[in-house]
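The structure appears below as structure tokens.
Reckoned from all heavy atoms, side chains included, excluding hydrogens, waters and symmetry mates. Residue numbers start from 1 in every chain, and the chains themselves are labelled A, B, ... in the order their sequence lines are given, proteins ahead of strands. Everything quoted here is computed from the prediction, not taken from an experiment.
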Number of protein chains: 2
Amino acid sequence: MQRKRIENIPETITREISEKIIRNELKPGERIYEAKIAEELGVSRSPVREALRILEKNRLVELIPRKGARVAEISSAHIEWFYDVFEALYGLAARKVTEKAGEQDRADLGAALEKIEAAASAKDVEKYYEGIFEFAAIGMRAAANPLLAQILMDLWPSNRRIQYATISRRKDTLEENAGFFRKIYELLDSPDEVEAEAAVRAYARNEKQVALEMIYGKKRENDRDGNTKS
Amino acid sequence: MQRKRIENIPETITREISEKIIRNELKPGERIYEAKIAEELGVSRSPVREALRILEKNRLVELIPRKGARVAEISSAHIEWFYDVFEALYGLAARKVTEKAGEQDRADLGAALEKIEAAASAKDVEKYYEGIFEFAAIGMRAAANPLLAQILMDLWPSNRRIQYATISRRKDTLEENAGFFRKIYELLDSPDEVEAEAAVRAYARNEKQVALEMIYGKKRENDRDGNTKS
DNA sequence: AAATTGCACATTGTCGACAATCGACATTAA
DNA sequence: TTAATGTCGATTGTCGACAATGTGCAATTT
């Protein structure tokens with residue numbers, strides 16, 4: 001008997017609004033009214049309120065007490081802030097994975113990588129995103145740090161939002177990007193966790209660069225990048 | 001008239017419960033009932049519910065849907081998880097501070113450092129904690145990354161909780177600890193952000209070590225699993 | 001006309017009541 | 001005795017109504 005996980009009402013509402021923000025149907029700065037959402041979905045305001053708190057955790061909305069909810073802004077500064085944190089935390093995750101991952105984890109990561117590469121060569125963006133999500137999720141499990149996992153999972157929707165904004169250009173760079181994952185995968189097996197961390201950090205910096213150039217033109221040169229390759 | 005920031009009811013409740021958990025008056029694993037808290041404080045369950053979500057963000061309680069809230073566990077694994085994340089994020093913050101801090105920031109950091117050192121030589125633990133909180137808060141501002149700041153601030157109560165558990169032993173090591181902050185402060189001024197990051201990471205690793213030894217003794221030498229229940 | 005004040009409306013915050021769900025216990029059957 | 005099942009109390013989830021607060025407009029004053 002399939003004990004299907006029943007989705008909460010707040011989770012459903014969260015997903016609903018989440019998608020709209022990621023797809024930019026709800027614009028940055030736009031007000032979100034509890035009563036309006038509640039009526040649209042035929043529920044009371046209580047679960048809507050809870051959904052808005054979850055969306056705040058996901059950094060998709062900003063809540064101001066007694067003033068309400070707005071769709072979170074997104075600027076070049078936001079993108080830098082996001083990827084700097086992303087780099088630090090996924091770097092840590094990579095180091096932990098090389099230290100702790102077992103056979104099963106490595107096999108699962110390999111399977112996810114295949115999915116990523118298949119999607120990349122087929123230029124299937126949806127499948128590609130599914131793949132990197134799986135890769136990340138398996139990595140979280142293997143890193144064996146639930147606190148880290150939860151922080152990163154809370155941040156994932158913001159990641160998707162930024163990626164979505166750059167989706168048109170991304171179709172061309174899918175295979176190049178998949179290359180990062182292969183490299184990461186191979187280094188996760190190495191005995192040197194520093195190299196694995198470096199690979200993930202390089203990926204994060206690349207994502208940041210792509211997003212910034214994509215959205216705000218290429219107004220930033222890498223003066224002193226410090227990218228030491230040995 | 002001082003336009004003091006008015007504290008929300010949920011914030012008040014959060015602080016109330018927060019203190020109890022940090023002081024270990026509410027034990028790990030203990031159930032927290034919405035109705036009970038609501039009655040004790042003479043409010044309805046709505047603000048209590050919201051307070052519990054905030055406490056979940058602070059990692060002081062764990063919420064399980066349709067089952068309720070429990071005081072978060074605290075084990076050697078939890079401590080390792082916490083300080084690994086702490087190290088990665090404060091390391092990032094340190095690097096950013098060396099890059100971005102202005103004159104005012106550095107002056108404020110210096111003032112906070114003085115407070116820390118004064119409290120340390122007076123062996124005033126409360127003042128010492130105030131000092132390091134200020135130091136961290138100013139650092140957050142100087143690092144100029146609100147996302148990072150918010151994540152770290154959400155984690156602060158967990159930090160306090162772990163430190164509180166080791167408070168008795170800490171009185172002796174206050175000055176040694178203050179030394180870390182002086183070193184960090186001096187390196188934040190150096191042009192080399194890598195060294196500043198390294199100093200902060202060393203501090204984090206030391207905190208982890210102290211907490212682990214303090215709470216779990218040195219029982220973890222040849223025991224790879226560490227699962228010794230009596 | 002510009003600034004200030006007061007008022008009306010829109011929106012969030014809080015409340016008490018009811019519904020849905022979970023866990024423990026007792027009852028029954030093998 | 002032990003395992004399965006039904007029932008009951010306790011607890012969380014949801015609801016609609018009311019209270020408190022903030023916002024924008026209009027009237028008033030200078």
Side-chain angles (χ1 to χ4, degrees), chain A residues 1-18 20-21 25-73 150, chain B residues 1-18 20-21 25-73 150:
Chain A
M1 49 205 89
Q2 287 280 19
R3 198 145 216 339
K4 258 210 187 143
R5 188 174 174 324
I6 300 157
E7 199 174 46
N8 288 337
I9 297 177
E11 281 173 16
T12 310
I13 300 171
T14 302
R15 198 163 33 77
E16 206 80 17
I17 303 176
S18 190
K20 286 208 179 105
I21 295 176
E25 291 161 25
L26 290 169
K27 312 291 186 201
E30 189 169 328
R31 241 347 249 290
I32 298 178
Y33 298 104
E34 296 175 357
K36 182 156 162 284
I37 306 283
E39 197 185 13
E40 279 175 15
L41 303 180
V43 296
S44 84
R45 278 171 50 217
S46 309
V48 175
R49 279 174 76 81
E50 185 166 341
L52 288 175
R53 310 301 148 130
I54 298 173
L55 288 163
E56 187 193 29
K57 233 176 28 187
N58 295 338
R59 321 282 160 170
L60 295 183
V61 311
E62 281 162 17
L63 295 180
I64 300 172
R66 294 203 166 76
K67 294 190 65 176
R70 289 179 182 282
V71 177
E73 297 291 342
Q150 212 180 332
Chain B
M1 62 203 72
Q2 39 188 8
R3 202 143 206 345
K4 274 266 163 114
R5 190 178 172 323
I6 300 156
E7 198 174 47
N8 287 337
I9 296 179
E11 282 172 16
T12 310
I13 301 172
T14 301
R15 200 163 33 77
E16 206 81 18
I17 303 177
S18 191
K20 287 207 177 108
I21 295 176
E25 290 160 26
L26 290 169
K27 312 289 188 203
E30 191 170 328
R31 227 13 230 290
I32 298 178
Y33 299 106
E34 295 174 358
K36 184 158 161 284
I37 305 283
E39 198 186 11
E40 278 175 15
L41 303 180
V43 297
S44 83
R45 280 171 49 218
S46 310
V48 175
R49 281 173 76 81
E50 184 166 342
L52 289 174
R53 311 301 148 132
I54 298 173
L55 288 163
E56 186 193 31
K57 230 174 32 183
N58 295 337
R59 320 283 160 172
L60 295 182
V61 312
E62 281 162 17
L63 295 180
I64 300 172
R66 294 206 168 73
K67 293 191 66 179
R70 290 179 182 281
V71 177
E73 297 290 343
Q150 212 179 331

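Residues forming a side-chain hydrogen bond (donor to acceptor under 3.5 Å, both in side chains) with B:Thr12 (at least two apart in sequence, or on another chain): B:Glu7. With sequence neighbours excluded, the residues that form a salt bridge (charged side-chain N to carboxylate O under 4.0 Å, His left out) with A:Glu40 are A:Lys36. B:Arg70 is linked by a side-chain hydrogen bond (donor to acceptor under 3.5 Å, both in side chains) to nothing, counting only residues two or more places apart in sequence or in another chain. Under the side-chain contact (heavy atoms from CB on, under 4.5 Å) criterion, A:Pro10 pairs with A:Asn8, A:Pro47, A:Glu50, not counting sequence neighbours. Contacts of A:Glu39 classified as side-chain contact (heavy atoms from CB on, under 4.5 Å), with partners at least two apart in sequence or in another chain: none.
Residues in residues 54-63 of chain B take part in no salt bridge (Lys or Arg N to Asp or Glu O under 4.0 Å) pair, two or more places apart or across chains. For the salt bridge (Lys or Arg N to Asp or Glu O under 4.0 Å) condition, the pairs that include at least one residue of residues 25-35 of chain A, sequence neighbours left out, are A:Glu34-A:Arg45, A:Glu34-A:Arg49.
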Protein-nucleic acid N or O pairs under 3.5 Å, nucleotides 7-11 of chain D:
{"residue": "D:dT11", "atom": "O3'", "partner": "B:Arg31", "partner atom": "NH2", "Å": "3.2"}

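Atom P of nucleotide C:dT12 and atom CD1 of B:Ile9 are separated by 18 Å, given to the nearest angstrom. The distance between atom CD1 of A:Ile37 and atom C1' of D:dT14, rounded to the nearest whole Å, is 18 Å. Taking atom CD1 on A:Ile13 and atom C1' on D:dG13, their separation rounds to 12 Å, with Å as the unit. Note: CG (B:Asn8) to P (D:dG22) measures 10 Å, nearest angstrom. Look at CD1 on B:Ile64: it is 14 Å from C1' on C:dG23, rounded to the nearest Å.
Closest approach of A:Ile32 to A:Val61, counting heavy atoms only: CD1-CG1, 3.9 Å.
Taken residue by residue, residues 38-49 of chain B places heavy atoms nearer than 4.0 Å to DNA chain D at B:Arg45, B:Arg49.
Counting non-hydrogen atoms under 4.0 angstrom, A:Arg53 reaches the backbone sugars and phosphates but no base.
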